[in-house]
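Input: a single structure, listed below in structure tokens.
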Amino acid sequence: MEEAYTKEDENKIQWHQAFVGAMYCELGDDINRVEFNPEYSITRKPLQMDLLIVKKITKNGVPAELSSSIGKMFSEYNIIEYKSPDDELGIDAFFQAYTYACYYKSSADKENERRDQDITVVLVKQRYPVILTRYLESRGCVITEKQPGISTVSGSLFFNVVIFTTGKMKPENNMWLNALRGNLERENYGRLARESTRLKGKAAEYGEAVLSVVDKANFKQVQEWKEDEDMASLLYEARAEGMQQGMQRGMQQGMQRGMQQGIQQVAIGMLKANKLSVNEISMYSGLSVKEVEMLADKINNSEE
């Protein structure tokens with residue numbers, strides 16, 4: 001019998017971790033053309049932006065060209081500020097992100113090494129930030145929606161500014177970012193689960209982080225969807241694919257020992273997702289119930 005889902009569990013939803021995963025997955029093949037830096041420290045003291053994305057320099061000495069819908073909005077240096085569904089993307093949040101950009105520009109090794117026109121501040125929120133955009137417009141800025149959920153801010157600003165409204169993005173174009181909400185539709189959830197089976201390597205790990213948060217944010221709906229035979233089959237396929245990838249990584253680390261470690265990592269991921277019982281994880285992973293319980297105790301002890 002599954003444990004009741006409480007408000008306390010809802011407060012533990014790791015939105016920012018899932019957002020970083022969603023950004024990674026959204027970039028697709030572009031990820032090989034950028035440096036991806038979550039929680040990048042701007043100064044020696046704790047001062048971290050949510051995400052810094054820097055285009056890699058090509059053999060021709062110019063920043064790489066990106067082809068994804070969000071990648072096309074990036075300049076060479078991109079400071080990303082994300083607000084979860086419960087947080088406000090207001091005026092002060094804008095200035096905080098803008099301050100990060102100022103620090104980042106001024107912390108380069110050489111004078112004006114990072115030009116202001118090569119820096120973009122990206123603000124991300126599920127709902128359109130009405131108060132902020134009205135403020136920017138009152139200061140002479142012009143907001144232009146380039147495509148659903150992606151708007152640029154032009155005016156008397158040193159840096160480029162882009163607003164991602166994930167709730168307005170089309171799932172077929174920006175599936176991962178659009179999924180970061182608590183009212184996800186069954187069709188889009190199925191699309192997300194299906195696409196997660198196609199991810200490889202690090203992208204698969206980030207994809208799992210997104211799915212874990214989406215499951216918690218849509219807990220009741222997901223429980224109902226699991227009762228559907230087609231959806232249950234799809235979710236099983238996603239888990240089986242994750243197990244296979246874990247075992248493949250394990251084999252590369254050293255035959256039987258590596259395989260066992262890979263299986264354990266998959267089981268740990270299932271435990272952290274908090275979607276399956278110990279018996280179910282034992283069945284899917286091939287580990288004994290006692291081994292799964294020992295892994296659960298290890299996770300609980302590390303979180304205390």
Side-chain angles (χ1 to χ4, degrees), residues 1-22 24-25 38-39 46 48 84 86 180 182 189 192-193 196-197 199-227 231-304:
M1 181 176 180
E2 296 196 38
E3 296 181 0
Y5 188 66
T6 66
K7 185 67 177 178
E8 183 180 353
D9 295 319
E10 187 174 311
N11 293 335
K12 293 180 181 178
I13 294 177
Q14 301 296 315
W15 286 108
H16 281 75
Q17 180 181 357
F19 163 70
V20 172
Y24 190 99
C25 294
E39 296 184 347
Q48 293 182 332
S84 70
D86 296 327
L180 299 179
Y189 180 79
L192 198 72
S196 71
T197 67
L199 299 177
K200 305 294 181 182
K202 197 168 186 178
E205 297 177 18
Y206 276 122
E208 175 58 31
V210 176
L211 273 175
S212 178
V213 164
V214 169
D215 280 354
K216 287 185 177 181
N218 299 271
F219 183 79
K220 292 182 179 179
Q221 299 96 306
V222 170
Q223 296 308 304
E224 293 177 0
W225 296 335
K226 282 183 178 179
E227 296 177 2
M231 181 65 75
S233 175
L234 177 58
L235 294 177
Y236 176 79
E237 179 185 349
R239 288 193 293 268
E241 181 67 22
M243 286 177 57
Q244 182 180 3
Q245 292 183 27
M247 288 188 287
Q248 287 175 348
R249 289 194 297 269
M251 290 179 66
Q252 293 173 359
Q253 296 171 0
M255 298 302 290
Q256 188 62 38
R257 180 184 175 187
M259 182 180 292
Q260 183 69 11
Q261 290 176 343
I263 293 173
Q264 288 180 352
Q265 288 302 312
V266 172
I268 289 172
M270 291 180 178
L271 285 165
K272 289 183 176 180
N274 197 27
K275 296 182 292 186
L276 302 173
S277 67
V278 169
N279 288 334
E280 288 174 321
I281 293 174
S282 172
M283 179 181 65
Y284 291 138
S285 67
L287 298 174
S288 68
V289 171
K290 185 176 181 180
E291 287 174 320
V292 176
E293 289 176 340
M294 290 175 64
L295 289 175
D297 290 339
K298 184 178 180 180
I299 294 172
N300 292 332
N301 291 333
S302 67
E303 293 178 348
E304 291 180 354

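Note: hydrogens, waters and symmetry copies are ignored here, and every other heavy atom, side chains too, is used.
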Which atom pair, heavy atoms only, marks the closest approach of E39 to Q48?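 Answer, listing the atom of E39 first, then Q48: O-NE2, 3.3 Å.
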For G182 against W15, the heavy-atom pair lying closest together: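 Distance-wise, the nearest heavy atoms are N-CH2, 4.4 Å.
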For the atom pair [atom1] ([X]) and [atom2] ([Y]), what is the distance rounded to the nearest 0.5 Å?
| X | Y | atom1 | atom2 | value |
| --- | --- | --- | --- | --- |
| D215 | E208 | CG | CD | 8.0 Å |
| Q17 | S212 | CD | OG | 7.5 Å |
| C25 | K202 | SG | NZ | 11.5 Å |
| I13 | H16 | CD1 | NE2 | 13.5 Å |

What residues, two or more places apart in sequence or in another chain, satisfy side chain to side chain contact (heavy atoms under 4.5 Å, CB included) together with [X]?
| X | value |
| --- | --- |
| A18 | L180, V213 |
| E293 | V278, V289 |
| E224 | none |
| A203 | Y24, L199 |

Does some side-chain heavy atom of F19 sit less than 4.5 Å from a side-chain heavy atom of P38?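 A side-chain contact under 4.5 Å is absent here.
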Is there a side-chain contact between Y189 and V214 in this structure, where contact means two heavy atoms from C-beta onward sitting under 4.5 Å apart?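 A side-chain contact under 4.5 Å exists here.
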